[in-house]
Amino acid sequence: MSEALRLVFTPSPHIKDATTVPWIMKQVFLALLPAAIWGIYFFGPAYAFWPLLLSILSCVGFEALDCWLFKRPLSIFDGSALVTGMLLGLSLPPGCPFWIPIVGGGAAILLGKQVFGGLGQNIFNPALVGRAVLLVSWPQAMTTWVAKTPFAFPNLEQGAMNLASGVDVVTTPTPLGISKMFGYSTLKQLDPHILWRLFVGLVPGSIGEISALLLLAGFFYLLWRGIVSWDIPVFFFVGLTLVAFLGGENPLYHLLAGGAVMGACFKATDYVTTPMTQNMRYLFGFGAGAITALIRIAGGYPEGVTFGILAMNALVPLMDRHQPRRFGVKPR
Amino acid sequence: MRVKTFPKGVHPPRTFKELTASSAIRTIEPPAKVVLPLIQHTGAPLSPLVKKGDRVKKGQKIADVEAFVSAPLHASVSGVVSAIVDWPHPTRGVFKAIVIERDGEEEERGKLLSVERIEDLEPDFLRRWIREGGIVGLGGAAFPTHVKVSPPQGKTIEYLILNGAECEPYLTCDHRVMLERPEEILIGLRILARACGAKAAFIGIEENKPDCIQLFEEKVKQLTIPTTVVPLATKYPQGSEKHLILAILGREVPPGGLPLDVGVVVNNVQTAWALGRMALEGMPLVERVITVSGDCIKERGNFLVPIGTVLEELIEFCGGFTEPPRKVIMGGPMMGIAQVSLAVPVIKGTSGFLFMREFRSFREYSCIRCGRCVNHCPMNLVPSQLARLSEFGAFEEAERFRVMDCIECGVCAYVCPAGIPITHRIKVAKAEIIRRSRKGGK
């Protein structure tokens, strides 16, 4: 009867649902693909594909290098470096110099993640750390945009000139840059259909952040898969809207312009760097949105998503001291 | 059907109950030998009342102890005590056990209850009668039933809840007992209600057992005590006492408290059945229904087995293995305990045995703080944080973060995408905190 049975002893539970870390990372990657593909089509592969690919390779490569150098188990197959590379690449300006994604990837992985001890230990969103380093170090390179001429601001003088001379790519200011300097009304004059074009993704910007529509599609996919929840993005938009409204600007424009949708749906929802408990997640989302709008309206940068989320990331360890309501104890 | 439930928890995509749900209870042949460990319940271990060489009758009390939280043990077959030795125990490694070699002679019956007059009997008498029958909770925790129905001074019991949720995947023994023995369950219900003084009763059944819900809705009409059948969501851990009370009555048992702190007593349906049977037949708790399931056993099903039946005999009765199992679990897959020996006996708290081809071997990744454990923890804890504190040996900190509230249901580890044995780490912390407080108390 009890011949050579090799019974395994493990603690309960003895079953587990199918979700694993690599599967989650794969889903996030897939959710970002439509926006990425549109970006590559919109700007052309030469301007958008190579920065994106370099960013991904750089992130995965630097993580592998770090694991090798410091004798950690090779962690690149959990998929997190891939997602970081994707997020960073999508937030880069099209046509940026080749070393921008490489340096950014190194900063993201080494400074943003590995110094803290790797996946799950980092306080700040690695992709945002990478972007922040690039933004403060090379502001010029990070805010020069190119676009295929049919999509550049049609009424801009420079665009028109380049069109005339037969060049098919122009550098163009971002809508946030224009509205920061000249106000939203000027922007509206330049482009009466600006909101619609921002929503669909017909206005130049960072490689993968131009189409709110496609980013939202990806986000809804993750919602459906049960990977993210609605709380942080919704409260991000609430915070952004409130401050934009108080600052006398069009909230809808602020929702659609720049990296707001990307930030709210894919960066502010990063598991590792957001609070664990429900009430604190509302606060986190609201704060990130509010700071984003504050920087845009009153700060030194045209775009505030990066620092808005990073600022709230810093508060997460504090917020995690808060515990959910104790079972059996009604709140007073 | 208006279905009730509690917040959080998990809906496992498959419950595997279809493997055994339609197999009627079969009585196994009494084995040639039974092994009865001297601890089968939550509480104090027993001392034997017999010695090696003694002849015992089926139903005879063979071990007891003075302690209040304890329940005596009875011989499950007639025969001769062949040894009192250390024997593999399904939850405690090795423990002293009484071994009886069966001779198939007469049995001994206790006192029958006059079923018509249960409502006239003194609660104190009933509680003593329950204790003498060796009745403990048959849902798995095996808490002595007479203790549950004895409200301390100044507390009154309003409601009795019969737990027919059976939320663990694979297990169907309660389902079958409800379906096949409703009359005896309802006699048990009356005994329990009378013993604890409840003025109304509820029977909670998960909606994946519509046949039971329908049957009991019909049957409870004959009872004099107002009884409601409550359909519950098919959700784990719906059968947890605290969550059953929350689902049915909207009351939360306070931390460290018991159901009776909110005026409720919860008992498993099979416990009620054992009481009903004892009233009708006079035989104390010497057998129970268990589920045998999994992907490695030839004949799956629900079996009425003498307590003390050794697992090897049970396997033989079920036709042996279709292939060698890698994991044998006593209980359900969420809270059950993996076995290392097939010599363990069926004890009072055994709800089933599962024979599994595969064992859980998931790669463990770093915690990505996804919060799935927080979103699903039915006790509103932050399990990942507790697991981490336990890993670092920060037990005081874990205690501050309410580690002792954990009911060890396993939901956190079930949902964890990083494959971290969260529940296990929490159990380690709890055990350590209890150990330290005992040491400090002395």
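Throughout, protein chains are lettered first and strands after them, A, B, ... in sequence-line order, and every chain is numbered starting at 1. None of these values were measured; they are calculated from a predicted model.
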query: Going through the checks in order, is the side chain to side chain contact (heavy atoms under 4.5 Å, CB included) test met by A:Q323 and B:V382?
result: CA-CA 7 Å; A:Q323 294 271 301; B:V382 183; 3.9 Å; yes
- prompt: Do side-chain atoms of B:R369 reach the backbone of A:T273 as a donor and acceptor pair under 3.5 angstrom?
  reply: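 Such a contact is absent between B:R369 side chain and A:T273 backbone.
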With only heavy atoms counted, which part of [X] is less than 4.5 Å from chain B, the side chain, the backbone, both or neither?
X      : value
A:D320 : both
A:T274 : backbone
A:P73  : neither
A:L119 : both

- prompt: If you take all heavy atoms of A:I15 and B:Y414, which pair is closest and at what distance?
  reply: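 Of all heavy-atom pairs spanning A:I15 and B:Y414, the closest is O-CD1, 3.4 Å.
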- prompt: What's the shortest heavy-atom distance between B:Y365 and A:V21, and which atoms?
  reply: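 In terms of heavy atoms, the two residues are closest at CB-CG2, 3.9 Å.
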Rounded to the nearest 0.5 Å, what separates atom [atom1] in [X] from atom [atom2] in [Y]?
X      : Y      : atom1 : atom2 : result
A:F9   : B:I329 : CZ    : CD1   : 11.0 Å
B:N375 : A:R281 : CG    : CZ    : 7.0 Å
A:F327 : B:C377 : CZ    : SG    : 10.0 Å

Salt-bridge present ([X], [Y]; N to O < 4.0 Å):
X      : Y      : result
B:E252 : A:R326 : no
A:D17  : B:R14  : no
B:E364 : A:K16  : no

Interchain contact, [X] with chain A, by part (heavy-atom threshold 4.5 Å):
X      : value
B:K427 : side chain
B:Q339 : backbone
B:C370 : both
B:L246 : side chain
B:C416 : backbone
B:V374 : side chain
B:R388 : side chain
B:P169 : side chain

- prompt: Any side-chain heavy atom of B:T423 sitting closer than 4.5 Å to one from A:P13?
  reply: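 A side-chain contact under 4.5 Å exists here.
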- prompt: What residue in A:N122, A:V272, A:T277, A:T269 has the most heavy-atom pairs under 4.5 Å with chain B?
  reply: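 Most pairs with chain B among the choices: A:V272.
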field: Residue pair B:F321, A:L5: steps toward the side chain to side chain contact (heavy atoms under 4.5 Å, CB included) verdict
entry: CA-CA 11 Å; B:F321 299 129; A:L5 266 191; 3.9 Å; yes
- request: Start with the C-alpha gap between A:M276 and B:S384, add the side-chain angles, then the distance that decides, and say whether side chain to side chain contact (heavy atoms under 4.5 Å, CB included) holds.
  value: CA-CA 9 Å; A:M276 300 280 274; B:S384 57; 2.8 Å; yes
query: Taking the six-membered ring for Trp, are A:H14 and B:Y170 ring centroids under 6.0 Å apart?
result: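 Ring centres of B:Y170 and A:H14 not closer than 6.0 Å.
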- prompt: Pick from B:G410, B:P333, B:G371: which one has the most heavy-atom pairs with chain A under 4.5 Å?
  reply: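 Most heavy-atom pairs under 4.5 Å with chain A: B:P333.
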- request: Evaluate the criterion side chain to side chain contact (heavy atoms under 4.5 Å, CB included) for residue pair A:L7 and B:L342; output intermediate values, then yes/no.
  value: CA-CA 10 Å; A:L7 294 182; B:L342 298 183; 4.1 Å; yes
